[in-house]
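Residue numbers start from 1 in every chain, and the chains themselves are labelled A, B, ... in the order their sequence lines are given, proteins ahead of strands.
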Protein chains: 2
Amino acid sequence: MTTNARLATPVMAAPVMVPDHRHLGACAHCDARPHSVCNAVPAVDMARLAAASTTGIAQPGTCFVEEGAKADAFFNITAGTARLFKLLPDGRRQIMGFAGVGHFIGLAVSSTFTFSAEAIDHVHYCRFSRPRLRALLDDFPAMEQKLLEVTSSELVAAQEQMLLLGRKTARERLASFLIAESRHNAGCHLPRRQFALPMTRGDIADYLGLTIETVSRTLTRLRHEGLIEIPSAGDVVILDRDGLERLAEGLT
Amino acid sequence: MTTNARLATPVMAAPVMVPDHRHLGACAHCDARPHSVCNAVPAVDMARLAAASTTGIAQPGTCFVEEGAKADAFFNITAGTARLFKLLPDGRRQIMGFAGVGHFIGLAVSSTFTFSAEAIDHVHYCRFSRPRLRALLDDFPAMEQKLLEVTSSELVAAQEQMLLLGRKTARERLASFLIAESRHNAGCHLPRRQFALPMTRGDIADYLGLTIETVSRTLTRLRHEGLIEIPSAGDVVILDRDGLERLAEGLT
DNA sequence: GGTTGGCGTTGATCTGGATCAAACCGAGGC
DNA sequence: GCCTCGGTTTGATCCAGATCAACGCCAACC
């Protein structure tokens with residue numbers, strides 16, 4: 001039942017804050033902009049956007065958002081990947097998802113964060129203080145609209161995950177996960193046959209509500225059945241996408 | 001693993017559409033308004049709000065939103081309660097939540113509904129076609145802001161449920177559920193010691209990712225331990241709130 | 001080249017909750 | 001009053017996945 005107890009007391013980031021004497025055009029050249037809610041702000045107002053935020057980097061393994069801490073700011077990831085998770089007092093962990101480039105974190109009505117965010121690799125982010133974000137949203141309703149769209153999509157994804165966690169078997173969970181990852185990693189292109197799994201088996205287990213051992217066993221079983229191939233622990237090739245998709249939906 | 005297979009083919013509502021020659025002040029006298037996103041529209045614009053929607057009633061046991069159907073409208077519940085759920089092809093059901101007065105349903109970026117909504121009792125609702133809602137939101141940014149707040153809160157609740165479904169034991173799930181229901185049923189007042197459970201054991205099971213038998217057994221166990229009392233199947237009294245809350249958080 | 005340490009895999013065993021089965025109970029209906 | 005029927009409870013048994021325990025692999029480091 002318990003998972004990596006080490007995680008019960010997450011390492012808090014010693015935040016590497018970049019002093020914000022940034023060139024005002026910083027946002028204009030941001031790689032993450034096409035993937036983020038920021039693209040709702042028109043190009044001419046990029047300076048306004050840049051002025052509302054500061055940037056920072058979280059080192060691998062450190063938390064830059066901690067569950068229960070005062071939610072005085074919002075984060076927009078511009079590089080790297082973070083795991084978002086909640087912990088029970090005894091160390092049991094549930095990963096809510098993995099946040100990549102363009103992902104917005106910390107939009108909460110409550111005054112404290114409801115989950116933690118831990119950098120998997122080097123995570124670059126923009127930080128908006130609450131009042132400044134509020135001011136931005138008031139000035140740019142299109143950004144608020146975009147934020148609503150993004151939040152709605154996350155809610156839909158969360159509900160899909162509730163179905164997975166509440167009613168699917170281990171095989172179905174892994175199949176669903178692999179299908180979703182293959183779509184996700186493919187970016188804008190068609191879903192790839194081969195793709196990388198950057199997270200550990202422990203992360204996958206805590207995302208799917210299973211144990212490390214069950215994840216490992218189930219993957220090798222899917223391999224023996226000819227549905228997938230596993231060139232190395234971090235790579236997967238889908239051999240029978242239809243079969244995997246049927247499995248993910250609970251058929252057979 | 002399977003749950004009530006009867007539900008695999010939900011009864012579609014023969015919708016009782018009320019022809020909309022409504023008095024334009026209908027929204028002004030709406031009981032649900034204080035609980036709904038509609039209260040973001042100023043009182044002087046009630047006529048505009050009323051003109052954008054039609055009303056309807058769903059009979060108990062009928063679906064007024066069906067997963068996979070074209071999402072051409074949004075619903076706002078003005079009376080009654082509905083269960084929101086997703087199904088797997090073999091009939092396994094996961095309930096995402098129970099929607100009461102003021103609850104907004106069907107806000108999706110996707111073109112189809114991602115879950116079904118089934119009336120538990122007589123459900124009265126307002127129906128907004130997509131384009132009309134879009135127009136309303138454009139005219140009243142405060143409504144869009146309110147909608148973002150509500151959606152964010154739902155996302156937070158969904159993530160809490162993911163923790164429950166992925167990592168909590170049956171006892172912890174029931175304890176969490178009872179605490180949440182006691183808060184919810186209390187309305188604006190302090191959480192009540194006694195409250196009603198309007199849904200069936202089957203609904204509770206499909207909401208918590210358990211079976212009917214486990215729900216029943218776990219409730220009687222909590223009763224024997226002196227944490228709760230069960231005057232009748234539909235009523236619960238909390239005898240030891242602290243104990244229940246500790247259990248819900250995974251302590252002991 | 002040996003050691004350490006962090007994953008990942010595999011095997012043996014255990015168990016919480018599912019499944020199968022039966023009895024109970026209260027609200028209608030006649 | 002008796003019967004039916006849906007929902008609920010309780011008991012016996014089963015099993016998918018957890019837990020406990022080795023072991024393998026490989027990269028980092030002396």
Practice problem: Take the protein atom CE of A:Met199 and the nucleotide atom P of C:dC7, then report the distance between them rounded to whole Å. | Solution: 15 Å
Can you give the donor-acceptor pairs under 3.5 Å from side chains of residues 159-166 of chain B to other protein atoms, not counting sequence neighbours?
| from | atom 1 | to | atom 2 | distance (Å) |
| --- | --- | --- | --- | --- |
| B:Glu160 | OE1 | A:Lys86 | NZ | 3.1 |
| B:Gln161 | NE2 | B:Tyr207 | O | 3.1 |

Practice problem: Send over the distance from B:Arg221 CZ to D:dT10 C1', rounded to a whole Å. | Solution: 16 Å
Exercise. Please check the phosphate of D:dG17 (OP1 and OP2 only) for any side-chain N or O of A:Thr211 closer than 4.0 Å.
Key: no
Quiz item: Is it true that the side chains of A:Arg241 and A:Ser182 contain a donor and an acceptor less than 3.5 Å apart?
Solution: yes
Quiz item: B:Arg92 has an atom CZ; how far is it from atom P of C:dG17, in whole Å?
Solution: 19 Å
Quiz item: Between atom CG in A:Leu210 and atom P in C:dG8, what is the gap in whole Å?
Solution: 15 Å
Quiz item: Quick one: A:Leu197 CG to C:dC7 C1', roughly how many Å, whole number?
Solution: 14 Å
Quiz item: Taking it one step at a time, do B:Asp235 and B:Leu197 satisfy side-chain contact (heavy atoms from CB on, under 4.5 Å)?
Solution: CA-CA 6 Å; B:Asp235 291 285; B:Leu197 290 182; over 6 Å; no
Exercise. Quickly work out the B:Lys168 NZ to D:dA18 P distance and round it to whole Å.
Key: 18 Å
Quiz item: In terms of side-chain geometry, is the basic nitrogen of A:Glu249 or A:Lys168 positioned less than 4.0 Å from the acidic oxygen of its partner?
Solution: no
Self-check item: Under the ring-ring contact (aromatic ring centres under 6.0 Å, His included) test, residues paired with A:Phe115 that sit two or more places apart
Solution: none
Practice problem: Specify whether B:Phe75 and B:Tyr125 have parallel, tilted or perpendicular ring planes, treating 30° as the upper limit for parallel and 60° as the lower limit for perpendicular. | Solution: perpendicular
Exercise. Give the B/S/- string for nucleotides 9-16 of chain C, one per nucleotide from 5' to 3', where a protein heavy atom under 4.0 Å of the base yields B, of only the sugar-phosphate yields S, and otherwise -.
Key: BBBB----
Practice problem: May I ask you to say what B:Gly209 touches in the nucleic acid, namely base, sugar-phosphate or nothing, with a heavy-atom cut-off under 4.0 Å? | Solution: sugar-phosphate
Practice problem: Mind calculating the distance between CD1 (B:Ile204) and C1' (D:dT9) to the nearest angstrom? | Solution: 14 Å
Quiz item: B:Leu174 CG to C:dG17 C1': how many Å, rounded?
Solution: 12 Å
